[in-house]
Protein chains: 2
Amino acid sequence: MSNYLDDAPCYLISTVVKRSGVKADLIRAWERRYQAVTPSRTDGGHRVYSDQDIVRLKLLKQATTEGHSIGQIAQLSFDELQKLLQPDQHTPPSRASATTSDHRYLAESYIEKCYTAMMVFDARAIESHFENAVVELGAQVFMESLLTPLLTRMGEDWKSGTLRPSHEHMTTSVIRSMVYILRSNYTPASNAPRLIISTPIGQQHELGALIAALIAEFKGWRITYLGPDLPAEEIAFAVKSSNANAVALSITISTEDHIIPKEIRRLKKLIGRDVTLIVGGSAAGEYKAVLDEVGALRSDSCDDFKQMLDDLSLQFQAPTPLKILSA
Amino acid sequence: MSNYLDDAPCYLISTVVKRSGVKADLIRAWERRYQAVTPSRTDGGHRVYSDQDIVRLKLLKQATTEGHSIGQIAQLSFDELQKLLQPDQHTPPSRASATTSDHRYLAESYIEKCYTAMMVFDARAIESHFENAVVELGAQVFMESLLTPLLTRMGEDWKSGTLRPSHEHMTTSVIRSMVYILRSNYTPASNAPRLIISTPIGQQHELGALIAALIAEFKGWRITYLGPDLPAEEIAFAVKSSNANAVALSITISTEDHIIPKEIRRLKKLIGRDVTLIVGGSAAGEYKAVLDEVGALRSDSCDDFKQMLDDLSLQFQAPTPLKILSA
DNA sequence: TAGCTCTTGTCAATGTATTGTCAATGTCGT
DNA sequence: ACGACATTGACAATACATTGACAAGAGCTA
């Protein structure tokens with residue numbers, strides 16, 4: 001039918017265990033009892049799995065944890081399995097307010113679902129899961145207990161090679177879309193401080209910047225999100241044009257060259273001392289020297305960033321005394 | 001209403017309980033006493049239900065809670081049950097449609113507003129203009145009379161240097177968000193063909209790809225939007241993992257080097273001949289030679305692309321004999 | 001209205017089926 | 001040779017089926 005001259009199936013069972021999350025004994029049991037997957041063999045008899053097999057196992061695992069019987073679904077086709085996991089027609093029982101531990105549990109189950117959907121590139125499903133989660137958890141908890149852990153996990157899997165660039169690309173584009181939904185409930189005051197968000201040139205991972213944008217939205221700032229990978233001039237130009245009060249940059253990968261420090265120096269010079277520069281992200285620590293040199297703020301965590309925003313809010317909004325939460 | 005072409009009974013009673021809301025003992029009692037449902041059995045004797053059975057049980061449950069006696073309605077057909085529950089219901093769709101010239105005029109005024117907002121980096125304003133326009137013009141007209149011209153104009157100004165990268169970045173991120181809004185009304189069929197959308201490596205402008213995604217959504221395809229700038233392996237991996245039927249690439253800038261032709265050849269080889277490759281965008285014409293060589297389709301315009309999608313739809317949906325509209 | 005029957009939802013007791021896990025033993029690959 | 005893998009068989013914990021029973025109502029009759 002199809003000529004698989006390409007990446008021939010080449011994963012040993014230990015790899016499959018790591019990627020699919022199904023234990024080795026169980027994988028073999030599923031094969032023995034229901035022919036759930038039919039890996040080829042080496043000359044010596046070791047099982048050899050393909051990418052599709054891994055995806056299939058991930059789907060099966062998700063389906064079983066949702067209560068389906070493995071014996072009944074083991075032989076379903078890829079499409080049928082995916083349909084089984086579609087988060088569409090669903091009658092969620094009326095729910096009283098959940099506790100924190102409930103939240104955590106719910107968030108974890110959502111993370112699993114999202115991960116499974118991500119592996120089969122089902123953007124729709126990810127969106128649906130996100131939507132449901134936002135409704136069920138609330139935007140704040142959604143971000144803290146679902147989105148942040150999810151991205152952390154993605155970062156780890158990225159480093160370990162489990163995750164491919166295409167996964168990250170797709171998930172990024174889904175989350176970008178969601179930013180709109182999440183923040184549409186928050187209408188910042190017309191005198192709220194303005195923040196420009198981007199990543200320096202060479203930094204193409206924008207998930208951290210997106211999170212920052214969401215946090216700042218929740219804090220009531222007026223955000224202009226520029227997307228990733230911009231030179232200092234462009235960022236500075238946007239600052240001037242929009243009369244922004246601050247710039248937030250996300251740096252997640254440390255490069256050996258001196259581009260980043262150079263960009264930061266240039267940017268700071270261009271925007272002037274009246275505009276605050278904040279730098280965050282998992283690799284921001286590497287550039288501590290430059291940041292101190294130019295007087296930029298460095299945020300180590302989400303909470304850190306929130307605190308900074310609050311402090312800056314006071315500073316920039318000083319003319320208008322704060323009357324927040326007086327509704 | 002119900003396109004249950006797939007009648008693979010695969011639900012054990014616990015699943016049915018969760019989905020229908022009827023307790024297990026009661027389901028069995030209804031079967032024993034009135035043959036309300038007649039599930040098939042596994043070799044071991046466990047009941048196995050289909051989607052129809054679940055729907056039927058839901059209907060029965062609702063009917064009984066409304067006072068009907070189970071003994072009287074248990075044997076009714078699906079249609080009779082539905083009639084029982086919905087005495088009458090009608091939605092008068094009254095819509096005063098504007099003329100085409102109205103549309104064009106409106107769209108132009110919106111384009112002006114958006115351009116102004118873009119120049120001062122007011123993302124919020126662009127969004128609200130877009131939102132208003134979508135409501136006023138409808139999603140289809142919005143895309144054709146507003147979005148496409150706007151992007152065309154942006155492309156021209158980009159070349160002439162009036163527009164800066166930061167403008168394009170911000171507008172891109174706003175439009176990406178809008179994709180979500182626009183398509184949230186469209187729910188593709190579960191057996192719709194799948195399309196992967198991206199741009200080849202080196203092509204960082206994704207507006208064309210976004211438009212393509214929107215068009216394909218409206219045509220009822222299931223879209224996985226990967227974002228821009230991906231190597232052939234990654235795109236191919238997404239194709240394999242998602243079982244996609246086709247790939248659409250947008251190429252807007254012609255580069256002198258031979259990267260693009262090389263990538264296209266590699267991609268085609270990796271995805272195989274069963275997966276269709278479509279290439280569009282303002283610079284697609286430059287690569288006619290390669291596209292013909294590998295048997296890829298080339299689309300010159302939006303209408304062209306639409307036509308292609310329609311043709312391919314027929315081809316890919318062929319295996320499932322079309323019984324649409326046979327309610 | 002008391003008494004009777006029929007309907008219907010629920011439950012308990014007992015046995016079978018399914019399924020995740022593990023141990024013992026042998027083989028493969030580097 | 002050692003770690004990773006395969007095979008087989010077994011076991012315990014759930015989940016399911018069957019049967020029979022029971023109680024709360026509803027409807028009917030005297």
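Each chain gets a letter, A, B and so on, in the order the sequences are listed, and its residues count up from 1.
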Using whole Å, what does the distance between atom [atom2] of nucleotide [N] and atom [atom1] of [X] come to?
| X | N | atom1 | atom2 | result |
| --- | --- | --- | --- | --- |
| K61(A) | dG20(C) | NZ | P | 12 Å |
| Y49(A) | dC5(D) | OH | C1' | 10 Å |
| I13(B) | dT14(D) | CD1 | C1' | 15 Å |

- prompt: Between E31(A) and R28(A), is the closest basic N to carboxylate O distance under 4.0 Å?
  reply: no

query: Should the pair D53(B)-R56(B) be classified as a salt bridge under the 4.0 Å nitrogen-to-oxygen rule?
result: no

Closest to the [X] side chain, choosing from [options]:
| X | options | value |
| --- | --- | --- |
| H46(A) | dC28(C), dT10(C), dG20(C) | dC28(C) |
| D25(B) | dT8(C), dC11(C), dC5(D) | dC11(C) |
| S14(A) | dG29(C), dA4(D), dT10(C) | dA4(D) |
| R28(B) | dT21(C), dC16(D), dT10(C) | dC16(D) |
| L26(A) | dG9(C), dC16(D), dG20(C) | dG20(C) |
| R32(A) | dG9(C), dG9(D), dC16(D) | dG9(D) |

message: Which label fits F121(A) and H167(A): parallel for a plane angle under 30°, tilted from 30 to 60°, or perpendicular past 60°?
response: parallel

Are [X] and [Y] packed together at the side-chain level, in the sense that at least one heavy-atom pair is separated by less than 4.5 angstrom?
| X | Y | answer |
| --- | --- | --- |
| I73(A) | T64(A) | yes |
| D51(A) | K240(B) | no |
| T172(A) | E206(A) | yes |

Please check the phosphate of [N] (OP1 and OP2 only) for any side-chain N or O of [X] closer than 4.0 Å.
| X | N | answer |
| --- | --- | --- |
| R47(A) | dA6(D) | yes |
| R41(B) | dT18(D) | yes |
| Y34(B) | dT7(C) | no |
| T42(A) | dG29(C) | yes |
| K23(B) | dG9(C) | no |
| S69(A) | dT19(C) | yes |

field: Bend angle of the helix from dT1(C)-dA30(D) to dT30(C)-dA1(D), end axes from five pairs each (to 10°)
entry: 20°

message: Assuming nearest nucleotide by heavy-atom distance, tell me which of G45(A) and I70(A) is located more 5' along DNA chain C.
response: I70(A)

message: For S166(A) versus F237(B), what's the shortest heavy-atom pair and its separation?
response: OG-CD2, 3.9 Å

